[in-house]
Amino acid sequence: MFKPSIFCFVVTALVFALQVFPLTGIFMMLFLAMFWSIITINAGFLFMIAEAVWWKISPRWTLVFPVLYFGGYFLFVATHNFKIYQADYDIPRVAIQFDPDKQILSVPKVFAESFLVKYGLEEVLSSHPSHSGMEDYQKTIPRETLVRLGDREQCEAMRDYGYSKGTFFMRINISDGKGGYKPIEDKCIYGIPLHSEPLEKEIVLIEQDKTRRKPADVRLIDERPIIVTTPDGRVTEISAGYAIMYPWFPVPILGCSLISSSAEWKCHAAFHRYAPKPIGYGHVDKLAETLGLIPQDKKAVLNRKAAKVEIRRIVDDYNDPRRRFERIIANPCNAQIPDKVFPMVLADRNYVSSNKEKILDAYIRATREYSLTCEAKNRKLRRALTPFIVGLSDQDYKGLSGKLVDYFAQEGSDFENRYYGYEKMMREDFHMLVRFGDLGEPAYETLLDMLEKSLGRIEPWKTPTALYYAICRAGPGITEGKRARVLLIRALKRVKRYKVAQREALRDAHYAAFMRLGLESDYSQYLDPSQHVSAQDRPIGPSSPPSACFDLNKKD
């Protein structure tokens, strides 16, 4: 007796068999044969039910097959989808109580509009579009632009003075909430350079981690967790991505196709997945709920009078490199560092000379004021300001001797930390420490204290070479009291005992210090100057200028 169910399964098997062989499979693929199984397999099990219940051409026990097929699939989908909805529900609710009066959000640019229009925030910090090499940038806040919702006055001023100069970004059209954009009367979204206005609020950083994937109970594709970091360093993570969803009715795919990326003919059998459900990712509502924000009436938000902003003054300020420079050093967290204004300001020697104390204070503050969310910016600022301080004239530099001695006396205490002190002096303060020796007598005791601490706590090859060059530049007078001679000999003895790759660089620094301090005979007891490459290329003695010790214009 003819059974439609058997016919459907036979057709499924024959279609699959024809697809297994590439010669016939290519033609079958053109007709989308792998999707035929959606009809044939489901029809086969439905016919089995009809044959056993209504047509009476099959025994009742055959119902077990469609029950296992449809029931097993439904149970799998229900369990799977429940985990997805549970994961979405488990996103923290009001995990961080955001205070818009005292705090400001730093968000990816795609989030800015929703927080301004839907949740009524007056301003947010926003980043420019992503580009390659963003690893360090993503960990550095605040972002580059202060974004606000402006009215007619701001929009016109922005168009006339700002946007035409490429300084700001602006959009007259605002999302209509339906996937498109429409003009909003007398309103625009605009951004101004962050360092153009003082920022007194604490920053809550919101970023997407595009590099790390965390384990989850449900399979996520394109997973990009949202990380919320508060000013005190607390971190809240929101699961973000697209979860794989299965339709409630089975959609079996059975067939073969050509994998163009690997030139491979591959067969597969699986239930089709579609309409991935977003979990957190791109959901400003989920993020706002985590921050304790509630939606505002859109009409009321758009009718609210925007705060007055002097766009013309901001443009003029932006085009004045000295003003921008002063704002950057006043608050490095509110700027892009290093900024292109630095070389322009550095060329103005009169300005640098008259502002040398302010520049040194900014350098010291960037070292002392540790902030988890601003450390990368402070580190960049120290590197950018080093040429300003190192390049000062002797007269200007010696005018800062009091602050410099206090700074390096404090820095010397970091040698108690055998790793941090060495790394910092080698990577961040190298030229600063070398130039410190130019103070001569005021720097003597501080330099020798640093050397003594390094001999007691650090492996001999890890003492910064900058320290010996600084002692060399300090001059012959540092040997008075014999302390310098004793410490340098102790250092030379220790280096001589070790066979390490760094020994040559250290021996060059030792040689320069011994020769300029008039300790050639002491150096000769342990190492032969005539066999030293540096000794042959660069004769040096007590009467040599400080530049003979180390050229501050060369790279370390």
Begin with the C-alpha distance, continue with both residues' side-chain angles, and end with the deciding distance and a verdict on side-chain contact (heavy atoms from CB on, under 4.5 Å) for Tyr523 and Leu488. CA-CA 9 Å; Tyr523 185 87; Leu488 286 170; over 6 Å; no
side-chain contact (heavy atoms from CB on, under 4.5 Å) partner of Thr367, the single match among Gln410, Arg382, Met432: Arg382
Steps toward side-chain contact (heavy atoms from CB on, under 4.5 Å) verdict (Leu287, Val228): CA-CA 9 Å; Leu287 186 55; Val228 182; 4.0 Å; yes
Could you tell me whether a side-chain N or O of Thr230 sits under 3.5 Å from a main-chain N or O of Arg234, the two making a donor and an acceptor? yes
Kindly indicate whether the side chain of Cys549, heavy atoms from C-beta on, has any atom under 4.5 Å from the side chain of Ile540. yes
Going by atom types only, do Tyr469 and Asp508 share a side-chain donor-acceptor pair under 3.5 Å? yes
Closest non-hydrogen atom pair between Ile206 and Pro108, with its separation: O-CD, 3.3 Å
Could you tell me whether Phe115 and Phe98 have their ring centroids closer than 6.0 angstrom? no
Rounded to the nearest 0.5 Å, the CD1 atom of Ile389 sits from the CD1 atom of Ile364 at a distance of 7.5 Å
Flag, side chain of Arg516 to backbone of Arg473, donor-acceptor distance under 3.5 Å: yes
Value rounded to 0.5 Å, distance of CG in Leu392 from NZ in Lys398: 13.0 Å
Verdict with reasoning, Gln103 to Ile203, per side-chain contact (heavy atoms from CB on, under 4.5 Å): CA-CA 6 Å; Gln103 297 174 324; Ile203 300 163; over 6 Å; no
A quick test of your reading: do over 12 heavy atoms of other residues, nucleotides or ligands sit less than 6.0 Å from CD of Glu520? no
Expected output: side-chain Arg365 to main-chain Ile329 donor-acceptor under 3.5 Å: yes
Quick one: does Leu149's side chain get under 4.5 Å of Tyr190's, heavy atoms only? no
Can you tell me how far apart CD1 (Ile359) and OG (Ser353) are? Round to the nearest 0.5 Å. 9.5 Å
Nearest heavy-atom neighbours spanning Phe430 and Thr465: CE1-OG1, 3.3 Å
Which heavy-atom pair separates Leu552 from His431 by the least distance, and what is that distance? O-CD2, 3.5 Å
Could you measure the distance from the CG atom of Leu146 to the OG atom of Ser126? Nearest 0.5 Å is fine. 10.0 Å
Taking atom CZ as the centre, does Arg483 end up with more than 12 heavy-atom neighbours from other residues, nucleotides or ligands that are less than 6.0 angstrom away? yes
Is the shortest distance from a Lys or Arg side-chain nitrogen in Lys403 or Glu357 to a carboxylate oxygen in the other one below 4.0 Å? yes
To the nearest 0.5 Å, atom OG1 of Thr236 lies from atom CD1 of Ile96 at 3.5 Å
Residue from Phe325, Tyr351, Tyr363 passing ring pair (Phe, Tyr, Trp, His ring centres under 6.0 Å) with Phe388: Phe325
Can you tell me how far apart OG1 (Thr446) and CG (Leu404) are? Round to the nearest 0.5 Å. 10.0 Å
Before accepting this row, confirm whether a basic side-chain N of the pair Arg435/Asp394 lies closer than 4.0 Å to the acidic partner's carboxylate O. yes
Worked check of side-chain contact (heavy atoms from CB on, under 4.5 Å) between Leu116 and Glu113: CA-CA 5 Å; Leu116 293 173; Glu113 179 187 311; 5.8 Å; no
Evaluate the ring planes of Tyr468 and His510, with Trp represented by its six-membered ring, and classify them as parallel (under 30°), tilted (30 to 60°) or perpendicular (over 60°). tilted
Evaluate Asp449 against Tyr444 for side-chain hydrogen bond (donor to acceptor under 3.5 Å, both in side chains), listing each step before the verdict. CA-CA 9 Å; Asp449 286 343; Tyr444 286 174; over 6 Å; no
What about Tyr397 and Phe436, are their ring centers closer than 6.0 Å? no
